[in-house]
Amino acid sequence: MEYNFKSIEEKWRAYWVENAVYKVKEDETKPKYYVLDMFPYPSGAGLHVGHPLGYIASDIYSRYKRLQGFNVLHPMGYDAYGLPAEQYAIQTGQHPDVTTKKNIARYREQLDKIGFCYDWSREVRTCEPNYYKWTQWAFIQMFNSYYDNTLQKAMPIATLIETFKTQGTEGVNAACSEELAFTASEWAAKSEKEQQETLLNYRIAYLGDSMVNWCPKLGTVLANDEVSEGLSVRGGYPVEQKVMRQWCLRVSAYAQRLLDGLDTLDWSDSLKETQKNWIGRSEGAEMQFSVKDSDIDFTIFTTRADTVFGVTFMVLAPESELVDQLTTPAQRADVDAYVLHTKKRTERERIADRSVSGVFSGSYAINPLTKEAIPVWISDYVLAGYGTGAIMAVPAHDGRDYAFAKHFDLEIRPLIEGCDVSEESFDAKEGIMTNSPCAAHAIEGGLVLNGLTIKEAIAKTKTYIKETGLGRVKINFRLRDAIFSRQRYWGEPFPVYYDANGMPQMLPENKLPLELPEVDNFLPTEAGDPPLGHAKDWKYMDYKLEMCTMPGFAGSSAYYLRYMDPTNTEALVSTKANNYWRNVDLYIGGTEHATGHLVYSRFWNKFLFDIEAVCENEPFKKLVNQGMIQGRSNFVYRIKDTNTFVSLNLKDQYDVTPIHVDVNIVSNDQLDTEAFCNWNPEYNSAEFILEDGKYICGWAVEKMSKSMYNVVNPDVIVEKFGADTLRLYEMFLGPLEQSKPWDTNGIDGVHRFIKKLWNLFYANTDTLQVTDAEPTKEELKSLHKLIKKVSFDIEHFSFNTSISAFMICVNELASLKCNKRAILSELIVLLTPFAPHIAEELWHELGNTNTVCDAAWPTLNETFLIEANAVYTISFNGKARFTIELPADMPSKEVESIALGHETTAKWMEDKTPKKIIVVPKKIVNIVL
RNA sequence: GCCCGGAUGGUGGAAUGGUAGACACGAAGGACUUAAAAUCCUUUGACUUUACGGUUGUGGGGGUUCAAGUCCCCCUCCGGGUACCA
C-alpha cells in the first residue's frame with residue numbers, strides 16, 4: 001500500500017477532534033506540565049513557514065511529556081489587538097473586529113493542518129470582553145496599590161492613605177515619581193483634588209506627566225521597546241520626545257526584583273543578559289552642588305564619585321527644569337535658542353547627528369569638596385530622563401565630557417597616575433589616583449584619594465560624602481515606567497472615568513468589562529481627541545470616560561494565566577486551577593520579546609503575586625528561543641534588453657540583470673521554465689540558455705517577504721508532502737535556536753524516511769506484514785539505541801539529531817528486514833511527538849484501539865546496548881580518559897586487559913596499566929590502580 | 001563604542017577533550033525500466049598513489065594536554081542585541 005498522507009492526516013485529525021483527545025483538565029493524580037507558545041498576532045498575510053517552527057518544537061515536547069505520563073497543558077490563542085488591523089480599518093473602513101476575526105479563522109485553518117495537540121477549548125483572544133475584563137481588573141488593582149520599598153512588595157493604597165493621615169510622609173518608603181515630604185496636618189489640609197494628585201505620585205498605575213515617545217504619524221505615544229533608533233518599530237515612522245499626561249505603570253519599582261528573579265530562571269544566558277542590560281542597574285552616588293550667589297542647589301548622579309576632583313564643568317539636559325532657574329539674563333537669548341533647537345529635533349536627528357553642541361548658562365556651581373566655582377553648561381548629550389538630568393563633567397575620564405571640553409576649550413584635569421589625556425580621555429577603571437587637591441593644600445579633614453586604586457577611591461568618596469552629608473549612595477536603573485496610554489481605537493478601554501475635579505476614578509468592578517464602543521471613524525477627532533472621542537455616550541453616569549486605550553502588551557501580560565481557567569467569570573484564574581497549573585514550565589518564542597513582553601509579563605505576574613492573585617513569583621520557568629527562519633530568494637538572469645534568461649553558471653558570459661523569481665516555481669534551485677513563462681505575462685515568450693538541459697537559479701538569504709518572492713506558505717508544503725514531513729523537515733533544518741534560511745532542498749530526505757518507515761509495515765504489499773515473532777538481539781539493540789538517543793535529544797531540544805537517529809534506526813531495521821510487532825510498536829510511540837499522523841495510523845493498524853497519544857514512552861533497557869568489541873569511554877583516575885575495546889563476554893564485569901584506541905595513549909599508559917577496571921556500559925568510571 | 005553569539009566538505013549540519021565530517025541534500029556511476037518517475041546499490045573533504053596506502057585538513061597565530069573542532073591567550077571576518085545611561 002502506498003503511503004497516502006492526505007487521507008491519513010485528514011482521518012486522524014478528525015478523530016482527534018471527535019474524541020477530544022487534546023482536552024485537558026486538572027488531575028491531581030498526575031504531575032502537571034505547562035507548555036506555552038508565544039501567541040501570535042493574526043496578521044492579514046497568514047502564516048509562513050517560519051511561524052510554525054517554535055510551535056512544532058513545543059508540540060513535540062508536549063506530546064513527549066504526555067507520553068511520559070504528565071498532564072500537559074498546551075493551549076493557544078491570539079494577541080488580537082494591534083496596529084495593523086486599525087490601520088487597515090482607517091484605509092478601508094473595514095471594522096478591525098471583522099478583519100481580526102477573518103485573520104484568526106485563516107490562522108486556525110493553517111494551524112489545524114499541522115497536527116498540533118492544542119486544547120482549543122481553552123483558546124483566548126485578547127480583544128474579547130470576557131478576556132479583557134481581567135486586563136481591566138488588573139489595571140484597577142494596580143491603581144489601588146503602591147509599592148512599599150521596605151517590604152519590597154505592592155500594598156493597598158488605603159494603607160498609604162492611613163499613614164499619611166497619622167504621620168504624613170514620615171517613615172514612608174514607597175516607590176514614587178517624585179520625593180515628597182509633608183506632615184499629617186499638611187495632608188489633612190490638602191483638598192480632595194490635591195490628595196488625589198498626591199496619591200498619583202505613588203500608585204502603581206498612575207496618571208503622570210512624563211517625557212514620552214510621540215509618533216505624529218501614528219498619532220500615538222509608544223513605549224521604549226516600541227521604538228528603535230528613533231523610529232517606531234511598527235511602521236518605521238519618526239518619533240519625537242514630548243511631555244504628556246499619560247497613564248503609566250510603575251514598572252521601575254520592580255526593577256531590583258526583576259533583576260534578582262533572573263537568577264532563578266532557566267533561560268539562555270544571552271536573553272538574561274539582554275534583560276539585565278535593559279534593566280540597567282548602576283550603583284553610584286548622588287551629590288548636591290549649590291549654585292554660586294544663589295540659594296538654589298541641585299543633585300547630580302555619578303558612578304565615578306572618585307573623579308569629583310576632576311570636575312571642571314557641569315552639564316544640564318536641555319529639558320531640565322534647572323535650565324530656566326540657572327540661566328542668567330545675559331545668557332537667556334542663547335539658552336532659549338539652544339533649547340528650542342533641541343526640542344525641534346526628532347529623536348532620529350539627534351541620533352544621526354552626534355556632533356558636540358551646547359551653551360553656557362551663565363551660572364557657576366560650587367564643588368562641595370573643593371568649594372571651587374565651576375561653569376554650568378547645557379547640552380543635549382545629557383538626558384533628562386536618566387539620573388537627575390544633570391551631571392558633573394570630568395573630561396579627563398569620560399569620553400563624552402572630553403569631546404565637549406575640547407570643543408568649548410574647557411579645562412581637562414587628570415586624576416590617574418601616568419595617564420595621558422592629550423589625545424583622548426582615560427576611561428578605564430584601573431589605575432592609581434593622584435592630584436587630590438586637599439593633599440596639596442593640606443586641608444584639615446579633607447578627602448584625599450592619592451595612592452588608592454579607583455575601586456578603593458570610589459568606596460572612600462561614597463563614605464565621605466555620606467558622612468559629611470554632601471550626598472548619598474544611590475542605585476539607578478535604566479528601566480523606566482511603562483507608558484500605558486495609546487491614542488488608538490483597537491485596544492482595551494481603560495476602566496476609568498474623570499470626576500468633577502477632573503481626577504481619574506476607577507469604575508466599580510461589577511461594571512467590568514467596559515466594552516469597546518462602536519465608532520464611525522477610526523481617526524482622531526477634530527478636537528484632537530483619540531478615536532474613542534467619536535463614540536456616542538462614552539460616559540459613566542454623567543462623567544467622561546477615558547478616551548485612550550491600552551497598549552499591545554496589556555493583553556499579552558497575563559494570558560498564560562487565563563489559559564488555566566479561560567471561562568471563569570469570577571476571577572482571572574481560580575485559586576484551584578492556579579494552584580494546580582502554577583506557572584509555565586516551558587515557554588517557546590522569539591528573542592524579539594526580550595525587552596518588551598518578557599519584562600512586562602514578569603512585572604505583571606509579580607504584581608499579581610504581591611496581591612495574592614497568583615501563587616508563583618515568576619511566570620516562565622524555562623524559556624527557549626527559536627531562531628528566525630529567513631527567506632531564501634532565487635534569481636534568474638535576464639540578458640540585458642532581451643527576454644532571454646541564462647542559467648547561473650553561464651551568466652558570466654553575458655551582461656545580465658538578476659531578477660527575483662518566485663521560489664515556489666523553483667525546486668533544488670532548478671527553475672520550472674514552463675511555470676516561469678506562466679508566472680508573469682511579461683515572461684510568456686521567455687527563452688532560456690540552459691546548462692546540462694537545466695536552468696539553474698542563483699540564490700541569496702534575505703528577509704522573508706512578498707517583494708522578494710521568497711515567502712513559503714506551510715499549506716503548500718502540507719499539500720505536497722504532508723504535515724508529518726513538514727514537521728520533521730522544520731526540525732531537521734538545524735538547531736532550534738539558530739536562525740536559518742528556509743530551503744526546501746532537503747525535504748525529499750525526510751519524506752523518503754517516512755516512506756521507508758511505512759514500508760517496514762507493508763513491505764511494498766497491500767497488507768500489513770507484521771509478525772509476533774521474538775525480536776532478535778540486533779533489532780532490540782537498534783530500538784534501544786533510538787530510545788536512548790531520542791529521549792536525551794528531546795530533553796535537550798536537539799530535534800534535528802533525534803530525527804537523524806530515527807533515520808539510522810529505520811535503515812537498520814529495513815536492512816534486518818525487521819517486521820516484529822514488539823519493535824515496531826515502540827518505534828511508533830517514539831515517533832509520535834514528531835509525526836503524530838502516521839504514528840496514529842500505524843498504531844491503529846497494529847490493532848490498538850486507543851489513541852497513540854496515550855501510549856507509554858518506551859523504557860530503556862541498557863543491556864541491549866552492550867556488545868562485544870564496542871568502544872566505550874572510561875576515565876582514568878577521574879582525570880584523563882581514553883577508549884577501550886571490551887572483550888566478548890560482558891557487562892559490569894571485571895576486565896583483565898584493555899586494548900587502547902590510540903598509540904600515543906598506549907605509550908603513555910605503559911607504566912600505569914590499571915590492574916582492574918570495572919566497566920559500566922556508556923558510563924564513565926574510574927580505573928582502580 | 002559596549003554586551004552576547006558564531007566561523008567545520010559543493011550545501012544544511014553531527015561530534016560528554018578521545019578514529020572530525022554522523023544524518024541528510026546535491027553530484028557521479030550502476031541496477032530495474034522501451035523510456036521516464038519512483039525505488040535500490042556504490043562512490044563522494046582536499047592532495048597523492050595503478051593499488052595497499054600516504055599526506056593534509058574544523059577562519060588565522062600561539063599555548064595547555066598522552067590527546068584540542070572542543071579548554072586558555074591574541075588576531076581576522078560574520079550575525080544579533082544595545083547605546084550620548086554619566
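To find a chain, count down the sequence lines: A is the first, B the second, and so on, and within it residues start at 1.
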Atom C1', compared across B/C72 and B/C23: separation rounded to whole Å: 33 Å

B/G9 glycosidic conformation (syn if within 90° of 0, otherwise anti) is syn

Scanning all shown strands, the Watson-Crick or wobble mate of B/G29 with both distances under 3.5 Å is B/C41

Could you tell me whether A/V315 contacts a base, only the sugar-phosphate backbone, or nothing, with contacts defined as non-hydrogen atoms closer than 4.0 Å? nothing

Q.
Taking B/U39 as the reference, what is the distance to B/U56 when you measure between their P atoms (whole Å, please)?
A. 41 Å

Taking a pair to mean Watson-Crick or G-U wobble geometry with both distances below 3.5 Å, B/G69 pairs with none

Of the listed B/C85, B/A22, B/U39, the closest approach to the A/R752 side chain comes from B/U39

Closest to the side chain of A/T303, out of B/A86, B/A83, B/A22, is B/A86

So do the side chains of A/D380 and A/H341 get within less than 4.5 Å of each other, counting heavy atoms only?
no

Contact class for A/I808 (heavy atom, under 4.0 Å): base, sugar-phosphate, or nothing? sugar-phosphate

A/E273 has its side chain closest, among B/C85, B/C3, B/A86, to B/C3

In whole angstroms, the gap separating C1' of B/A24 from OH of A/Y729 amounts to 9 Å

In whole angstroms, the gap separating C1' of B/G79 from CD of A/E592 amounts to 16 Å

A/K788 NZ to B/U16 P, in whole Å, measures 13 Å

Pairwise P distance, B/A37 and B/A46 [rounded to whole Å]: 26 Å

**Message:** Please report the distance separating the C1' of B/G53 from the corresponding atom of B/G6, rounded so that it comes out in whole Å.
**Reply:** 38 Å

When rounded to whole Å, the CH2 to C1' distance for the pair A/W377 and B/A86 reads 19 Å

Those residues at least two apart in sequence (or on a different chain) that pass ring pair (Phe, Tyr, Trp, His ring centres under 6.0 Å) with A/Y402 are none

Taken to the nearest whole Å, CE/A/M731 to P/B/A24 is 19 Å

Using 30° and 60° as the class limits, which term best fits the ring planes of A/F834 and A/F806: parallel, tilted or perpendicular? perpendicular

Query - NZ or CZ of A/R602 within 45° of A/W267 ring axis and under 6.0 Å - result: yes

Partner of B/U16 under the Watson-Crick or G-U wobble criteria, both distances under 3.5 Å, comes out as none

One should read off an interatomic distance between A/N764 CG and A/Q769 CD, to the nearest 0.5 angstrom, of 10.0 Å

Considering only heavy side-chain atoms of A/T274, the closest of B/A83, B/G81, B/C85 is B/G81

A/M807 has its side chain closest, among B/C23, B/C4, B/A86, to B/C23

Sorted by number, residues from residues 393-406 of chain A placing a heavy atom under 4.0 Å from RNA chain B are A/R400

For A/F298, the ring pair (Phe, Tyr, Trp, His ring centres under 6.0 Å) test, sequence neighbours excluded, returns none

Paired to B/A36 by Watson-Crick or G-U wobble criteria (both distances under 3.5 Å) is none

Ranking B/A24, B/A86, B/A83 by distance to the side chain of A/F301, first place goes to B/A86

The nucleotide from B/C84, B/U82, B/C40 with an atom nearest the side chain of A/L383 is B/C84

Got a list of protein N/O to nucleotides 10-14 of chain B N/O distances below 3.5 Å?
{"residue": "B/G12", "atom": "O2'", "partner": "A/L733", "partner atom": "O", "Å": "2.8"}
{"residue": "B/G13", "atom": "OP1", "partner": "A/Q738", "partner atom": "NE2", "Å": "2.7"}
{"residue": "B/A14", "atom": "OP1", "partner": "A/N800", "partner atom": "ND2", "Å": "3.2"}

With rounding to the closest Å, how many angstrom separate the C1' atoms on B/U8 and B/A14? 10 Å

Here the salt bridge (Lys or Arg N to Asp or Glu O under 4.0 Å) pairs for residues 798-812 of chain A, sequence neighbours left out, are A/K785-A/E812

When both distances are under 3.5 Å in a Watson-Crick or G-U wobble arrangement, the nucleotide paired with B/A24 is B/U11

Sequence neighbours excluded, the answer for side-chain contact (heavy atoms from CB on, under 4.5 Å) partners of A/Q738 is A/P735

The Watson-Crick or G-U wobble partner of B/U55, with both key distances under 3.5 Å, is B/A46

pair_partner(B/C2), Watson-Crick or wobble, both distances < 3.5 Å, evaluates to B/G81

Among B/A38, B/A86, B/U82, the one nearest any side-chain atom of A/Y386 is B/A86

Residue pairs meeting salt bridge (Lys or Arg N to Asp or Glu O under 4.0 Å), one or both in residues 302-313 of chain A, sequence neighbours left out, come to A/R304-A/D306

Result for 5'-nearest mapping on RNA chain B, choosing between A/N764 and A/S270, is A/S270

With rounding to whole Å, what would you report as the distance between B/C85 and B/C2 at their P atoms?
13 Å

Residue set satisfying side-chain hydrogen bond (donor to acceptor under 3.5 Å, both in side chains) with A/S815, at least two apart, ordered chain then number -> none

RNA chain B nearest-nucleotide lookup for A/T591 and A/G389: closer to the 5′ end is A/T591

What distance, rounded to whole Å, do you find between the two C1' atoms, one in B/G69 and one in B/G60? 15 Å

Self-check item: Inter-nucleotide P distance (B/C66, B/A83), Å rounded
Solution: 48 Å

note: A/D748, atom CG; B/A37, atom P; distance rounded to Å ~ 13 Å

* Asked: How is A/N811 classified with respect to the nucleic acid when contacts are heavy atoms under 4.0 Å: base, sugar-phosphate, or nothing?
  -> sugar-phosphate

Here the distance between atom C1' of B/C2 and atom CZ of A/R478, to the nearest Å, is 12 Å

From the list A/I56, A/I754, A/I747, side-chain contact (heavy atoms from CB on, under 4.5 Å) partner of A/L728 resolves to A/I754

Whole-Å distance, A/M628 CE to B/G80 P, equals 8 Å

- Query: Between A/F404 and A/F313, does the ring centre distance come in under 6.0 Å?
  - Reply: yes

So the salt bridge (Lys or Arg N to Asp or Glu O under 4.0 Å) pairs with at least one residue in residues 789-808 of chain A (sequence neighbours excluded) are A/K789-A/D793

When we call it a touch if two heavy atoms are under 4.0 Å apart, what does A/R281 touch: a base, just sugar-phosphate, or nothing?
nothing

